[in-house]
Visitor: 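The structure under discussion is supplied below as structure tokens; questions concerning it will follow.
Remember, it's 1-based here, ligands and their atoms both numbered in the order they're listed.
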Amino acid sequence: VIDIRKLYGQANVFTYDPGFTSTAACDSSITYIDGDVGELLYRGYPIEQLAEKSHHLEVCYLLLYGELPNAAQMKDFEGRVTRHTMLHEQIQYFFRGFRRDAHPMATMVGVVGALSSFYHDSLDINDPWQREVAAIRMIAKLPTIAAWAYKYSIGQPFVYPKNALSYAGNFLHMCFAVPCEDYVVQPALERAMDRIMMLHADHEQNASTSTVRLAGSSGANPFACIAAGIACLWGPAHGGANQACLEMLKEIGSVDRIPEYIAKAKDKTSGFRLMGFGHRVYKNFDPRAKVMKESADEVLDLLGVHDNPLLQVAKELERIALEDDYFVQKKLYPNVDFYSGIILEAMGFPTSMFTPIFALSRTVGWISQWKEMIGDPQQKIGRPRQLYVGPTRRDYTDVRHR
Ligand code: ACO
């Protein structure tokens, strides 16, 4: 690793690296990925162990503070998060201002950005205590915002948080409870939801996290930074891939049509890529995809859904692609988004909610990275350079002579 600042000092020399494929922009002690072996560690702990033994709020604590909490610390943290799950009552007017058919991600970008107009006390980023309050507020409120964006889109009344429930259980409750009926969160679905949240909680310097850091590097307030992260996540090459992937699996429809789509993905002129396949860092299995695949089997079994055609198409697509020279040579494997949509749809979520669920799960990662950056004495405003390829100096000509 070469520290370019030491190498070139203040000289006007820089590297050209579109897409930052080989440029590190920060130090971080939060998440480690070894893309060659397919390893993902949160603060040193393997994702597989966390997905099996931990729960999302514990992972939030781990990502934010660096260590697993003891029982008293966990209880205190849960208390602090649940105290902030409500939204200011006036925030409802923001939701009501959107068209009903707005994508929930559009609503979330707007509402999360608008939080900065409600929580003025969280805007002083130089005060470590206010940074802490902002972090807790964001982790607590994002599930409420995502659930309300969903409720609004289907014309149902907003459901207030129920703090006796777990983080994942409360989110399911706010999405699926209706005032005229009792709603009991199924423990198996709650566990599956919680696992999805843990698997998405952080992934080092991906596009949306880098966006949060870049926005934060100018001193922008944390709500504005997270809104920027949500906007970036929406793209189909990033978090939007889970929606795009399920839509693709539906379009394929049956296993006999898979070869046609594999051929299309290999044809550079088609503009088509296999959604949920490939990753900038993983050149091996994405460990999250493995857990997600097992989870998909479990959830569908628990729901009594056998021979789910989408799961069959997904598994067969994976099998065929992994035996195909194109995918083998380019080291393209299923990523986290490949199986998550199947689980979420089985739970009752429409595809438009897949990326908002990713966003609310990733919030802790974004805010942990933001806090790390603000607390780093080496931190500077992010400011990439460019290679200018436009016209050289020329003189202005009057409109009559053009
Ligand atoms: N289907 C077909 N070919 C692919 C795919 C794919 N899904 N992904 C990459 N390739 C090919 C590219 O065409 C390219 O081929 P070339 O070298 O012949 O030009 C090569 O593999 C490398 O691809 P790049 O786009 O250069 O790789 P990059 O690291 O920039 O992109 C990305 C990674 C964006 C994830 C890409 O693999 C992709 O578009 N995948 C589909 C979308 C997706 O699933 N995104 C979710 C990522 S995970 C997440 O954000 C949570």
Side-chain angles (χ1 to χ4, degrees), residues 16-24 31 33 35-36 38 40 42 47 105 195-212 229-249 251-252 258-293 313-314 317-344 351 354-366 369:
Y16 176 63
D17 183 15
F20 311 116
T21 54
S22 40
T23 299
T31 291
I33 303 173
D36 293 326
L40 169 61
Y42 290 165
I47 190 67
M105 283 297 277
R195 198 177 281 171
I196 287 176
M197 291 171 168
M198 279 188 276
L199 292 174
H200 287 91
D202 194 47
H203 213 230
E204 50 118 310
Q205 308 311 318
N206 54 80
S208 56
T209 303
S210 302
T211 301
V212 170
I230 295 172
C232 177
L233 186 77
W234 195 1
H238 191 12
N242 51 15
Q243 172 169 354
C245 179
L246 199 85
E247 284 161 3
M248 176 193 76
L249 294 174
E251 192 184 306
I252 298 174
I258 292 173
E260 181 195 326
Y261 281 80
I262 294 269
K264 203 161 114 181
K266 286 156 59 173
D267 173 7
K268 291 278 157 31
T269 61
S270 71
F272 171 77
R273 286 185 171 199
L274 278 192
M275 285 293 130
F277 251 79
H279 197 275
R280 170 62 60 80
V281 184
Y282 292 118
K283 301 302 167 197
N284 201 323
F285 266 96
D286 178 339
R288 302 167 301 170
K290 281 190 193 164
V291 179
M292 211 63 100
K293 187 176 178 181
V313 171
L317 184 61
E318 176 186 322
R319 192 190 65 74
I320 296 177
L322 295 185
E323 286 176 0
D324 189 291
D325 274 356
Y326 174 94
F327 292 89
V328 173
Q329 275 165 19
K330 293 188 188 302
K331 299 186 177 167
L332 301 169
Y333 292 86
N335 59 49
V336 67
D337 292 324
F338 194 63
Y339 287 102
S340 61
I342 294 174
I343 306 176
L344 292 172
T351 49
F354 295 179
T355 317
I357 289 169
F358 190 156
L360 76 90
S361 312
R362 181 56 58 85
T363 297
V364 64
W366 289 328
Q369 301 265 355

Visitor: Taking atom OH of Y326 as the centre, does the number of heavy atoms from other residues, nucleotides or ligands within less than 6.0 Å exceed 12?
Guide: yes
Visitor: Check whether the ring centres of H238 and H203 lie less than 6.0 Å apart, and answer yes or no.
Guide: no
Visitor: Using side-chain hydrogen bond (donor to acceptor under 3.5 Å, both in side chains) as the criterion, list what pairs up with T351, not counting sequence neighbours.
Guide: none
Visitor: Decide yes or no for T209 and E204: does some side-chain heavy atom of the first lie under 4.5 Å from some side-chain heavy atom of the second?
Guide: no
Visitor: Which of parallel (below 30°), tilted (30 to 60°) and perpendicular (above 60°) describes F277 and F327?
Guide: perpendicular
Visitor: Just one of D286, I196, L40, N242 clears the side-chain contact (heavy atoms from CB on, under 4.5 Å) bar with V336, so which one?
Guide: D286
Visitor: Residue by residue, ordered by chain and number, which ones reach under 4.0 Å of ligand 1 with a heavy atom?
Guide: P236, A237, H238, A241, A265, K268, R273, L274, M275, G276, F277, G278, H279, R280, Y326, K330, L332, N335, V336, D337, F358
